[in-house]
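Each chain gets a letter, A, B and so on, in the order the sequences are listed, and its residues count up from 1. Since we're looking at a predicted model, the values are computed, not measured.
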Number of protein chains: 2
Amino acid sequence: MTIRDIAEMARVSKGTVSRVLNGKPGVGEETRGRVLKLIESLDFHPNAAARGLAARRSNTIGFVIPHTGRHSLAGSFWPVLLTEIAEQAAARGMTVLLSTSRSEQEAESAFKAVLRGRRIDGAIVGAEQAGERSLAELVMRDIPFVVVGRQSEAVPWWVDVDNAAGARMAVEHLVGLGHRAIVMVAGPGHLHHVQERVRGFQLAMKAAGLDGSRVVHCPYETEAVLPAVSAAVATGRGVTAVFAAAGDLVLGSILACRQAGRPVPQATSLVAFDDHPLFAQFPSGITAVSQPLEQMGREALDMLFHLIEGREPERREVVLAPRLVARGSSALASEQAG
Amino acid sequence: MTIRDIAEMARVSKGTVSRVLNGKPGVGEETRGRVLKLIESLDFHPNAAARGLAARRSNTIGFVIPHTGRHSLAGSFWPVLLTEIAEQAAARGMTVLLSTSRSEQEAESAFKAVLRGRRIDGAIVGAEQAGERSLAELVMRDIPFVVVGRQSEAVPWWVDVDNAAGARMAVEHLVGLGHRAIVMVAGPGHLHHVQERVRGFQLAMKAAGLDGSRVVHCPYETEAVLPAVSAAVATGRGVTAVFAAAGDLVLGSILACRQAGRPVPQATSLVAFDDHPLFAQFPSGITAVSQPLEQMGREALDMLFHLIEGREPERREVVLAPRLVARGSSALASEQAG
DNA sequence: TTGAAAGCGATACCAT
DNA sequence: ATGGTATCGCTTTCAA
């Protein structure tokens with residue numbers, strides 16, 4: 001079943017069917033209706049390859065995220081964003097081609113596989129994957145892209161959550177509850193979003209007249225969290241609250257507090273950066289700074305579609321505000337056990 | 001840059017370049033080398049759409065998983081499997097088109113979007129998505145597919161973990177540690193894998209001469225887990241162990257035990273079905289029945305490629321053995337507190 | 001408003 | 001071992 005069959009049955013030319021198919025003008029009302037009805041009744045869908053070949057458009061976008069074996073997809077950020085993007089792309093008649101891999105080496109080749117042969121019209125790229133080489137590759141192949149998260153300053157189009165503001169919200173929430181000695185558990189210091197969160201933390205602490213130097217850096221995805229945090233909580237005399245600045249650090253932080261004899265929420269308050277379905281499952285819930293993933297997906301796709309269609313996006317950079325979801329893990333300092 | 005440019009530069013015909021590109025015979029050694037060198041030095045990659053049109057192959061497979069907003073991708077099973085498949089597909093020169101969505105309604109349209117226009121050569125379908133209508137659609141469009149997990153009996157090709165065996169392993173592990181009163185926390189009873197796990201549990205309990213009737217069914221992704229399980233643990237006098245038969249139920253089960261005054265692992269042993277990176281992060285780790293995701297991905301792709309190439313797969317059904325990873329959450333019954 | 005025809009960039013068959 | 005050419009199914013001028 002091809003466009004030609006439809007044309008013959010409708011007694012029109014292929015060109016006319018094509019116009020109808022693409023909602024283009026220049027087709028009589030009656031004719032359009034007739035063709036449309038035929039297309040629907042036969043559940044006809046034009047061949048994507050032929051379409052792509054003729055129109056030089058694949059109607060496919062690439063989603064390029066960090067090598068993900070256990071790390072990225074095990075968290076909540078990328079999976080949810082991926083879902084958002086897949087869905088919103090579908091709503092616009094686009095499909096999503098995925099580039100993921102377990103290891104760093106394979107990431108590169110997986111990435112290239114997706115770019116090759118003009119398979120995609122554009123790409124959404126995760127910040128960690130947005131290295132110079134990758135971006136150069138995209139530019140070279142003339143593929144528009146939007147980076148989610150920010151790593152390098154050299155990226156032209158990106159959307160990110162306001163990491164510093166999120167950290168500030170966490171601090172202000174805790175300070176508002178009467179906490180004065182707060183430990184921040186942060187990821188590896190070379191990551192941009194980590195730096196931003198630390199900056200936000202320290203600014204907010206300073207603004208409150210408090211000591212912002214209690215920052216513990218841990219690698220993600222490791223058991224190193226536990227000892228580091230419990231040491232910080234145990235030795236930092238008078239510490240009443242912990243700011244776990246990434247989803248991956250939350251569990252370790254909670255366990256560390258318990259291990260240090262200062263369980264959450266009875267003796268220690270905790271606020272997480274990144275929300276996760278599990279956080280609502282904890283006995284009284286875990287207070288979290290939630291990233292607006294749906295909106296991030298929407299904004300990123302918006303920009304990308306602008307770029308694909310050759311229109312300059314309204315903004316080159318989009319910074320979205322996170323939202324604090326208060327749950328039971330953060331309590332009044334005065335009500336905590338000593 | 002097209003195949004034609006390459007042909008001219010190499011002073012051969014397009015046909016010859018095409019043969020080289022596809023590693024087909026009928027090209028002189030010297031010629032092949034010359035063309036190959038040119039292709040590499042120019043980093044030429046044939047246009048995927050043109051290729052797909054002429055060869056009637058997209059070199060793309062679809063990955064269709066349950067609507068996943070918070071559920072599926074928040075767990076560990078699908079994300080990891082997706083990664084495996086993306087990577088292994090890439091190794092075979094295939095790319096992965098994704099069909100995901102947040103809600104059940106959107107799942108259907110997202111699914112169709114991927115199938116339309118012969119975009120994919122074949123599909124990997126998640127069991128929950130393998131409803132009659134979806135499969136009928138695939139069959140109708142003549143798209144080969146392999147189902148991961150098993151839901152209906154009507155599915156011709158599938159790969160799944162041996163759920164019953166996994167449950168048995170959990171029981172035997174616990175029994176070996178001296179536990180005699182074990183509660184199973186299971187997912188919704190209408191799911192096939194849940195039924196299988198319950199069956200395995202009960203068979204193993206019976207074989208050990210124990211009471212296999214302590215089965216608590218909970219919906220996934222909810223806070224209903226907590227009350228249900230703590231009730232079971234508290235009222236079931238003498239219960240010393242819990243078998244949390246899905247990753248999503250583990251945290252709730254652990255919290256429930258603590259809430260019932262019988263914390264894991266001090267007073268209650270726990271074994272999980274499904275492993276998760278987080279499980280290694282818990283203080284002493286959580287014992288888990290681990291699914292061989294890498295192997296599942298490989299087997300599923302193997303079958304799929306057979307089907308795509310019109311060769312009958314060696315097996316129509318593949319059942320893989322899970323593996324028990326012993327960690328600290330399961331202890332000798334005799335060493336547990338009262 | 002509509003039709004006819006020329007590509008789009010590969011593959012594959014048929015000669016040579 | 002190679003070249004020439006029809007073909008894949010659609011989009012897009014260009015005429016009418």
**Message:** So if I define the base as every atom that isn't primed, P, OP1 or OP2, how would nucleotides 7-16 of chain D read as a B/S/- string at a heavy-atom cutoff under 4.0 Å?
**Reply:** -BBBBBB---
**Message:** Need one value for B/Gly28: base, sugar-phosphate or nothing, where a base atom within 4.0 Å counts as base even if backbone is also close, heavy atoms only.
**Reply:** sugar-phosphate
**Asked** Touch check for B/Arg11, heavy atoms < 4.0 angstrom, all strands: base, sugar-phosphate only, or nothing?
**Response** sugar-phosphate
**Message:** Show the nearest heavy-atom pair for residues B/Ala10 and B/Val35, with the distance to one decimal.
**Reply:** CB-CG2, 4.1 Å
**Request:** Calculate the interatomic distance between A/Arg118 atom CZ and C/dG9 atom C1'; express it in whole Å.
**Result:** 13 Å
**Complete:** note: A/Glu8, atom CD; C/dT2, atom P; distance rounded to Å ~ 18 Å
**Complete:** From the list B/Val125, B/Leu307, B/Asp302, side-chain contact (heavy atoms from CB on, under 4.5 Å) with B/Val146 holds only for B/Leu307
**Prompt:** Is the shortest side-chain N to carboxylate O distance from B/Arg34 to B/Glu30 below 4.0 Å?
**Reply:** yes
**Request:** Please work out which of the three classes, parallel, tilted or perpendicular, describes the rings of A/Phe145 and A/Trp157, given edges at 30° and 60°.
**Result:** perpendicular
Would you give me the side-chain donor-acceptor pairs under 3.5 Å for residues 292-299 of chain B, sequence neighbours excluded?
from     : atom 1 : to       : atom 2 : distance (Å)
B/Glu294 : OE1    : A/Arg102 : NH1    : 3.2
B/Glu294 : OE2    : B/Arg298 : NH2    : 3.0
B/Glu299 : OE1    : B/Arg315 : NH2    : 3.4

**Request:** Ignoring hydrogens and angles, tell me if any N or O in the side chain of A/Asp121 forms a donor-acceptor pair with the backbone of A/Ser58 under 3.5 Å.
**Result:** yes
**Item:** Under-4.0 Å side-chain N/O to phosphate OP1/OP2 contact, A/Thr31 with C/dT1
**Value:** no
